[in-house]
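The next block holds one structure in the form of structure tokens; read it before the comments.
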Amino acid sequence: KLYLFSNIYSSLLASLATMPLVIYHFYLSSNYSVLSNLIAVPLMSFFMMPLAILSIILMPFSLDYYALKALGFLIEIIINVAKYIVSLPGSIWYFGHVSGVSILLYMIGFFWLTLWQKSWRHFGFVLVFASVILMMQSEKPDLIFDPNLNAIGIKNKDGKLEIKAKRMSQFTKNYWTNWFGQKDVIFKAEDMTLSNHHFITTSGHSINILFDKMDCNADVVLNAKGPKRCDGKISLNRKDLKDKRTILVFCNQEA
């Protein structure tokens, strides 16, 4: 009973402490980590770690086969448990890109909670709650552009991220989609370097991505092939883009 509740308590505490950091870096939250740890932690503690040590001891005598076989069987159990838990309804929430201000506010609130012992430490809960609200309200980019892959991700009329590129790895597709706070990948295989591209965002702003002739008739101009910039516009040239791995364009109503 003590082990069971200690496992639940430590898993829950670790999940709550690290969840905003996981969201900030991976753009999603795994909600059933405590449930998976109830199965994975005892298996690892009582069986897998001893078997791993035993296999190392037996390796010089070429007797490690059965220990490693049993270890592989237990690893397979954990993988299958993880697959099942991920398939449950509501197991993953997709937050997408969150602001740096929200994660900074969370860190301040979390440290305030852990550093003090007096009643004023509870003010940290206010900061943590405020940071979560900011995370949920963080603005998503209207356009994502990778000048190295010549890949464009644009918010379509349904508010979904639509990715266009000649080719892109499945990992990058999933990463961009999760970055946008979306689960399902919408990908169209197109060579984006054959012409210029003009986009109108949901807020009415215009974005030009130039692969051909110069065209400054937009609010934001990304010149992917030439050295010129557009005066009086938000504009980047080929040199600017070369130094950046990914460009995020936010076009809110006040921009």
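Quick caveat: nothing in here was measured; it's all calculated off a predicted structure.
- Here the side chains of V126 and F129 are not in contact, with every heavy-atom distance at 4.5 Å or above.
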Please report, to 0.1 Å, the donor-acceptor pairs under 3.5 Å made by any side chain of residues 9-22, with sequence neighbours excluded.
| from | atom 1 | to | atom 2 | distance (Å) |
| --- | --- | --- | --- | --- |
| S10 | OG | S6 | O | 2.9 |
| S10 | OG | N7 | O | 3.2 |
| S11 | OG | N7 | O | 2.8 |
| S11 | OG | N7 | OD1 | 3.2 |
| S11 | OG | N37 | ND2 | 3.4 |
| S15 | OG | S11 | O | 2.8 |
| S15 | OG | S33 | OG | 2.8 |
| T18 | OG1 | A14 | O | 2.7 |

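- When hydrophobic side chains of Ile, Leu, Val, Met, Phe, Trp and Tyr are connected at separations under 4.5 Å, L28 ends up clustered with V86, I92, Y94.
- Summarising the hydrophobic clusters (Ile, Leu, Val, Met, Phe, Trp, Tyr; side-chain heavy atoms under 4.5 Å, direct or chained), the residues clustered with V221 are L210, M214.
- Grouping Ile, Leu, Val, Met, Phe, Trp and Tyr residues whose side-chain heavy atoms lie under 4.5 Å apart, directly or via other members, leaves L2 alone, with no other cluster members.
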Quick one: side chains of residues 182-190, donor-acceptor pairs under 3.5 Å with protein atoms, not counting sequence neighbours, listed by atom name and distance.
| from | atom 1 | to | atom 2 | distance (Å) |
| --- | --- | --- | --- | --- |
| Q182 | OE1 | L161 | N | 2.8 |
| Q182 | NE2 | L161 | O | 3.4 |
| Q182 | NE2 | D184 | O | 2.8 |
| K188 | NZ | E162 | OE2 | 3.4 |

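- Listed by chain and residue number, nothing satisfies the side chain to side chain donor-acceptor pair (under 3.5 Å) test with S30 (two or more places apart in sequence, or in another chain).
- Legend: residues meeting side chain to side chain donor-acceptor pair (under 3.5 Å) with R121, ordered by chain and number and at least two apart, are absent.
- The ring pair (Phe, Tyr, Trp, His ring centres under 6.0 Å) pairs that include a residue from residues 28-60 are Y3-F46, where partners are two or more places apart or lie in different chains.
- For the residue pair Y27 / Y175, a side-chain donor-acceptor distance below 3.5 Å is found, with atom types taken as modelled.
- Listed by chain and number, the residues in a side chain to side chain donor-acceptor pair (under 3.5 Å) with H198 are N208 (sequence neighbours excluded).
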Could you go through residues 165-173 and list every donor-acceptor pair under 3.5 Å that involves a side-chain atom there, pairing it with any protein atom two or more places apart or in another chain?
| from | atom 1 | to | atom 2 | distance (Å) |
| --- | --- | --- | --- | --- |
| S169 | OG | T172 | N | 3.2 |
| S169 | OG | T172 | OG1 | 2.8 |
| Q170 | NE2 | N174 | OD1 | 3.3 |

Pair up each side-chain donor or acceptor in residues 48-69 with any protein partner under 3.5 Å, not counting sequence neighbours, and list the distances.
| from | atom 1 | to | atom 2 | distance (Å) |
| --- | --- | --- | --- | --- |
| S55 | OG | L51 | O | 3.4 |
| S55 | OG | A52 | O | 2.6 |

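- Other cluster members for V220: L143, F145, I152, I154, M192, F199, I207, I209, F211, L222, I234, L236, L241, I247, V249, joined by side-chain heavy-atom distances under 4.5 Å among Ile, Leu, Val, Met, Phe, Trp and Tyr.
- Side-chain contact between N31 and S91: absent, with no pair of heavy atoms (C-beta onward) separated by less than 4.5 Å.
- Looking at heavy atoms from C-beta onward, I39 lies in side-chain contact with L43 at the 4.5 angstrom threshold.
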